[in-house]
Number of protein chains: 2
Amino acid sequence: MRKTILLYALLLALLIFLLKVLEYKFFVRDLSLEFYIGVVALLFTGLGIWVGLKLTRKRNPMPPPAVGSFVPNESALQQIGISPREYEVLEGMAQGFSNQEIADKLFLSINTVKTHTSNLFTKLDARRRTQAIQKAKALGLIP
Amino acid sequence: MRKTILLYALLLALLIFLLKVLEYKFFVRDLSLEFYIGVVALLFTGLGIWVGLKLTRKRNPMPPPAVGSFVPNESALQQIGISPREYEVLEGMAQGFSNQEIADKLFLSINTVKTHTSNLFTKLDARRRTQAIQKAKALGLIP
DNA sequence: ATCAGAATCATACTTTTGGGTGAAAGCATT
DNA sequence: AATGCTTTCACCCAAAAGTATGATTCTGAT
């Protein structure tokens, strides 16, 4: 979060700096207003989308299993108390990804993924990821 | 979220204010450009966030799969060249056992199990046991 | 306003896995 | 007997996984 804001501030500063430089170097002031507004609008729309995504954690999920979608057993999920984010990690695990790969996919640090996996192991009463996968399958949590 | 946006606004205001101060110290220029940039940036950041949220709000699970009894795909097994012993190790892996546990079950040393797993990874083109399990399942080698 | 839960990340440490190499013994088949 | 395949085991090293603990931030509910 702090990082995000810092990055935002940095980008903003950079943008304004660039505009300033352009302004001083080429005197493009006359035809500039609409141009500036356009550029700034575009940039900040993109930035806003990025920030929105970052903030609301609605990231792109794992690559889907090739055939036939699957309906997880919601009641079992809730009974065990597996959170949405944990479930995403579980999916990655079951698809054979390493913690690092899952972290990359979900835009997390590997430490966070480890935390999620640890919690999953506790909730699923497993000691290894393979065991967790096996149990999750048995419970109809994953395909 | 609210705090974040407020912070953005604050940072933006601060930045522009600083720019203004700097500007006044050297050249006295037209004020409107930065003002416009600020306004447009804010507006479009908000817009971007809104769009981002709009775009990521979607949920659409689909129909359930079918389940059947399992018969290992012998032809695939032979094609890949998985030996009987390797298959036993694969089964143990898929059931969530550690190498040590598999070794105990099959009365082997852990080293032997490791050799088998290594060979399995090569044959299944996998880097992790979870991946091997996933691939073996996809090939109909295991349930 | 407080409080519980998610979710995020870190650091330090231990255990398990995985990769590479080598090698011995048993077995079928040629 | 020589060949090839399987099975067995060892050792070393590196990478990944797992454990424990603590902390921060944000959200939703009370």
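The sequence lines fix the lettering, A, B, ..., with proteins before strands; numbering per chain opens at 1. For the numbers below, each heavy atom of this structure counts, side chains included, while hydrogens, waters and symmetry mates do not.
- Rounded to whole Å, atom P of D/dT6 lies 6 Å from atom NZ of B/K123.
- Computed from coordinates, the A/E101 CD to D/dA17 C1' distance equals 13 Å when rounded to whole Å.
- Note: CZ (B/F97) to C1' (C/dT16) measures 16 Å, nearest angstrom.
- Closest to the side chain of B/S83, from the set D/dT6, D/dT8, D/dA17, is D/dT6.
- Spacing between atom CD1 of A/I110 and atom C1' of C/dC9 amounts to 12 Å, rounded to whole angstrom units.
- Here B/R128 does not reach the OP1 or OP2 of C/dG18: none of its side-chain N or O atoms lies under 4.0 Å away.
- Proximity of B/R85 to the phosphate of D/dT6: no side-chain N or O atom is located under 4.0 Å from OP1 or OP2.
- We find the CD-CE distance between B/E86 and B/M93 to be 9.5 Å, quoted to the nearest 0.5 Å.
- Of all nucleotides listed (C/dG19, D/dT19, D/dT7), C/dG19 comes nearest to the side chain of B/K114.
- Contact annotation for A/S118: base contact, defined as any heavy-atom pair under 4.0 Å involving a base atom.
- Using a cutoff of 4.0 Å between basic side-chain nitrogens and carboxylate oxygens, A/E101 and B/R127 are not scored as salt-bridged.
- Here D/dG18 is the nucleotide among D/dG18, C/dT16, C/dG18 with the atom lying nearest to any side-chain atom of A/F121.
- Distance from the side chain of A/N111 is smallest for C/dA10 among the nucleotides D/dA17, D/dC9, C/dA10.
- Between the CD1 atom of B/I102 and the C1' atom of D/dT8 there is a distance of 16 Å, rounded to whole Å.
- Note: CG (B/N119) to C1' (C/dG22) measures 14 Å, nearest angstrom.
- Of the charged side-chain nitrogens involved, none lies within less than 4.0 Å of a carboxylate oxygen, so that B/D125 and B/K123 do not count as a salt-bridged pair.
- Taking side-chain N and O atoms only, B/H116 has no distance below 4.0 Å to OP1 or OP2 of D/dT7.
- Rounding to whole angstrom units, CG of residue B/N99 and P of D/dT8 are separated by 14 Å.
- The environment of B/K105 atom NZ is sparse: at most 12 non-hydrogen atoms of other residues, nucleotides or ligands sit within 6.0 angstrom.
- Across the interface with DNA chain D, nearest-nucleotide mapping of B/L106 and A/R129 shows B/L106 to be the residue nearer the 5′ end.
- Relative to the side chain of B/L108, the nucleotides D/dT7, D/dC9, C/dT17 differ in distance, and D/dC9 lies closest.
- OP1 or OP2 of D/dA17 has not a single side-chain nitrogen or oxygen of A/T117 nearer than 4.0 Å.
- An OP1 or OP2 oxygen of D/dT8 is reached within less than 4.0 angstrom by no side-chain nitrogen or oxygen of B/T112.
- The nearest whole Å value for the distance from the CD atom in B/Q131 to the P atom in C/dG18 is 10 Å.
- Two residues are said to be in side-chain contact when any heavy atoms from C-beta on lie closer than 4.5 Å; A/L90 and A/T117 fail this criterion.
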